[in-house]
Structure formats: structure tokens, C-alpha cells
Amino acid sequence: MNEYALRVAEDLRRRYAHEPEYLQAVLAWLELIDPALGENPEYERLDLLARMVEPDRIVTFLVPWVDDQGRTHTNHGYRVQFSNALGPYKGGLRFQPGVNLSVVKFLGFEQTYKNALIGLPVGGAAGGADFDPRGRSRREVMRFCQSFMTGLYRYVGADTDVPAGDIGVGDREIGYLYGAYKRLTGRAERGALTGKGVTYGGSKVRQEAAGYGAVYFLCRMLERRGETLEGKRLVISGFGNTAWGVCRKAAQLGGKVVTLSGPDGYVYDPDGVCAQEKFDFMAEMRAGGEDRVEPYALRFGLEFFPGRKPWEVPGDIVMPCATQNEIAVEDAVRILVNRVGYYVEAANMPATPDALRLLRLSPDILVAGAKASGAGGVAVSALEMVQNSLRYSWPRKQVEERLRQIMADIHDVSAAAAEAYGLGYDLIAGNDIASFQKVSQAMMAQGL
Ligand code: GLU
């Protein structure tokens, strides 16, 4: 590895041993961009890597709120503004008990390099809170969102930082957050948040975008081999927004999603998650806020595997749509033993470093990383920002076609960058190299 990159990695290891997710994300990245570093002494002279692996700014704030019984709870809110080299800070908010600084830093880092190749000018950020939405009433969620925005609104704005959803933050939460933002600032500044409802400035296809985008990306990979999705079996994790979009788009294109999963286990659906009532039931489960997938098995009379992961199920395509580090080495081995042809990440950092290395270096499976195939959500968020600044709303078909084109472009740019460095069809390295080059050029052009 490049000497300068090694020093930066060493320094990170020393200072952030207590932030494992963040370390994991940046160390993997330093390794992958290595082929692109050798040629340019400017990177070291400008101390570019050290400036790229750390966020510009971190905001932390307390989020006190009162439950329906009148008891006060205190949660911890975060916003990590990672980089605005390419445009305003942009990225999701996650409400989940495990959220901490390490998690939001890893998400903000990944977001920066994910956003770099969508072709629209946005930087990278992430945020959230250690709030547990399970079992909370609508009114409790609303009060929580209002308190959260009270802590955050000063740092948000259409040209400053534009939050959106992530795990635990969907259209309902974005509605409450946006309502609070309007009251606090006195302005209906629609570009300040994305993922809004279509009646008040949201983009069509935003809800479906994360899942649709991943399937469009997969289609580009299939196309390259002269294949289509028709008749293919998809093994996926999760049952939330991303999984829901994947099921819908895959079904439209003749594919069959045969698993869904939650923290409680997985469901095997041999006929595929292909019918409208199944899509609707997924949306209901998610809105119910229980965070369990077993009700799907009970509702449709299917087999449920408590406490197990779906990766043991054979299929043509594996698509993780849930959360970080849910694929360990033994899962990657299972995926390879099952002779899966495609591994396409829709969630952020779903595999551990060793698991991903194993999949990436195996000649039998084609692999796409979250910063490429997982960019659909933010791509439509950026299209929402464009529509907000035009004070106009595009028809559904037009947004979908733009999303399809953006995903195909990310694929092609990543493949070309890998090719240029003699790495073959390595979409993960290619994507990291191309986005690194884009962000670093913008930083060099703008000075310190
Ligand atoms: N949380 C999403 C992601 O991981 C969306 C971010 C956005 O729309 O700004 O990309």
C-alpha cells in the first residue's frame, strides 16, 4: 500500500479504535483506492487523504421528549457533515437504538463517496438518534421528531445540509421533521429536506428509489453478460423500504424475491414476493413499527426460520437490503457454495471486511458495492432538490427514467475506472477510485 495512505490508516487506527464501524469503512476505502494513489505526489503534499477521511463538522445534541404517560426521555441526536466539496451536505437520518457516533460517521463517509457519482452536485452527511421507534405512538414519534429538529434546524438548509430518511425514518417522520423545520424557521423551504410527501414538495418515486435503483444497477450487470432478470431468484434481507422497492421492481421485470428477513429471522416465500397484497403487507409491517418479519409468514402461510439469516437459501442473486455487517465470512461462504451469480448491495456496508473480500475476489460471482448499487435513494433525493429549485414536479415516468439512467452511468463509470487501472470488472474498486478522483479534484480546485 502507498506509504502516505499507510500513515493515514495508522493514525486513524490509533485515534478511533473505539469507533469500529467508522474505522471499518475508511480502512477498506484506503485499501481500495490504493491503485490510484501512486501516480500523484500532490495528494500527500496537500494532505488530501487525511482531509477526506474525517468529517468537516460533527453536531451532537440532546433530544428530550415526553411520552404518552407524561414521562421524559432523553435521546442523543447526531449530524455528521462529512464533505461539501461537491455540493451541500446530503444524507439520511437513522432512528434506531444502536445509533452512535461511529455509526453516523461511517454512514456520512460512505454517503460522500456514494453521492459523488450520481451526477448531481451534492456532498455527503448522515445523522440520527438512538431513539427506538418500536411500540411508540404516532404522537410520541411526532414529539420526538419535533424535539430532534429543534436541536438540528440551525445546521440544515437547501444550500447547507439536506437530510433525508434512513432506517426508522420514512415519509411519516420526514413530514413531522419538515413541519417542525417550517415552524422553527418560518419558511416553507422545501429544499431543506428530501423524502417529503408528494403533496408538499416531494418527488415521485422517492419511496421506491433505493430498491428500484439497486435493481436497475443489477440489470446493467446482467445486460453486460447478455442476461435478464426474467425467471431469476433473488435472496434478499430486510423487509423495510429498500426491500419493498426491490420486490416491486424485480416482480415487474420477471424476477422473484424468495426471502425477506428481520431481526427475528427470515421468511421463505417460494412463489416470490410478487403480488400487490404482499407489497402492501410489507408496507403495513413497516408502518406498524414492530420490526419483526414473522407476521408476513403467518399472514401468507409460509415457513419462518427464527433467528436465522436468509443467506442459506439458494438463488441466482443475493441482495442485502437491511443493515451493516449482516454478512459474515460464513455467510459469504454459503453464498459461494450456493453458486449465486450476483451479489448486489442495496444496504450500507452489509458485509464485514473479510466477507466482502472473499466475495470480491471470487471469480464465480459478480459483486457491486453499496456506494454504487445503493445510490438509488439519494439519486432521487437529488432529483427532488432539482424539482424543488425549479418549483416544479416531474411526472413519475420521467423521474424513473432518470433514476435508471443514473444507475447505469454509475455502473459504467465504475467499470471504466477499474478497467483503466487494470483491475478487470471490479465494480467496488472502480467505484471507489472514480468517486475518490471526483471529490479530490473538487477539493484541490477549491483550495484549503
Ligand atoms: N439514507 C439513504 C442512503 O443511504 C438516503 C440519503 C438521502 O436521500 O439523502 O443513501
Side-chain angles (χ1 to χ4, degrees), residues 21 25 78-84 86-96 99 103-129 152 156-158 160-171 173-174 177-178 190-197 201-214 216-217 238 240-246 320-324 345-350 368-388 399 402-403 406-407 410 431 435:
E21 292 87 358
Y78 306 91
R79 185 70 179 168
V80 172
Q81 298 182 330
F82 217 99
S83 164
N84 63 358
L86 300 179
Y89 300 110
K90 177 86 198 87
L93 297 172
R94 179 175 288 193
F95 291 169
Q96 203 182 27
V99 165
V103 170
V104 280
K105 279 173 74 176
F106 119 67
L107 288 170
F109 174 79
E110 295 279 296
Q111 197 78 50
T112 301
Y113 296 95
K114 174 192 277 193
N115 295 1
L117 295 187
I118 62 174
L120 290 152
V122 286
L152 184 66
V156 169
T160 310
D161 183 355
V162 185
D166 197 273
I167 297 172
V169 179
D171 48 344
E173 289 73 19
I174 292 292
L177 290 163
Y178 180 63
R190 287 177 302 177
L193 280 164
T194 63
K196 301 181 293 298
S203 174
K204 297 180 188 81
V205 200
R206 177 63 188 87
Q207 300 308 332
E208 298 88 338
Y212 278 25
Y216 283 137
F217 195 96
N241 177 265
T242 304
W244 171 79
V246 166
C321 301
T323 192
Q324 67 269 14
E345 296 182 341
N348 290 304
M349 204 165 77
K371 280 176 252 163
S373 40
V378 74
V380 175
S381 273
L383 294 174
E384 182 172 334
M385 290 161 71
V386 175
Q387 293 170 83
N388 290 155
V399 179
R402 282 176 199 264
L403 171 62
I406 289 172
M407 300 312 294
I410 296 171
N431 182 262
S435 54

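Both ligands and their constituent atoms are indexed starting at 1 by order of listing. Given the structure is predicted, the values throughout are model-derived calculations rather than measurements.
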query: Counting only N and O atoms by type, is there a donor-acceptor contact under 3.5 Å from the side chain of Asn115 to the main-chain atoms of Gly123?
result: yes

task: List the closest protein heavy-atom neighbour of atom 9 (O) of ligand 1: residue, atom name, distance to the nearest 0.1 Å.
output: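 Of the protein heavy atoms, Lys90 NZ, 2.7 Å lies nearest.
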
task: Can you pull out the closest protein heavy atom to atom 1 (N) of ligand 1? Residue, atom name and distance to 0.1 Å, please.
output: Asp166 OD2, 2.8 Å

Under 4.0 Å to a heavy atom of [X] - the qualifying atoms of ligand 1, by number:
X: Ser381; value: 7 (C), 8 (O), 9 (O)
X: Gln111; value: 3 (C), 4 (O), 6 (C), 10 (O)
X: Ala164; value: 7 (C), 8 (O), 9 (O)

- prompt: Among Gly91, Ala379, Gly165, Gly195, which one has a heavy atom closest to atom 2 (C) of ligand 1?
  reply: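 Shortest heavy-atom distance from atom 2 (C) of ligand 1: Gly165.
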
message: Show, in sequence, the C-alpha distance, side-chain angles and deciding distance for Phe106 and Asn348, and conclude whether the side-chain contact (heavy atoms from CB on, under 4.5 Å) test is met.
response: CA-CA 9 Å; Phe106 119 67; Asn348 290 304; 4.1 Å; yes

query: Would you say Arg206 touches ligand 1, if touching means a heavy atom closer than 4.0 Å?
result: yes

task: Look at ligand 1 and say whether Lys114 reaches it with a heavy atom at a distance under 4.0 Å.
output: yes

side-chain contact (heavy atoms from CB on, under 4.5 Å) evaluation trace for Val205 with Leu383: CA-CA 10 Å; Val205 200; Leu383 294 174; over 6 Å; no

message: Heavy-atom pairs closer than 4.0 Å: do any link ligand 1 to the side chain of Asn348, the backbone, both, or neither?
response: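 The answer is the side chain.
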
Shortest non-hydrogen contact between [X] and [Y], atoms and distance:
X: Lys90; Y: Gln111; value: O-CG, 3.3 Å
X: Ala382; Y: Ile118; value: CB-CD1, 3.7 Å
X: Ala370; Y: Glu345; value: N-OE1, 2.8 Å

message: Over 60° means perpendicular and under 30° means parallel, so tell me whether Tyr113 and Phe109 are parallel, tilted or perpendicular.
response: tilted

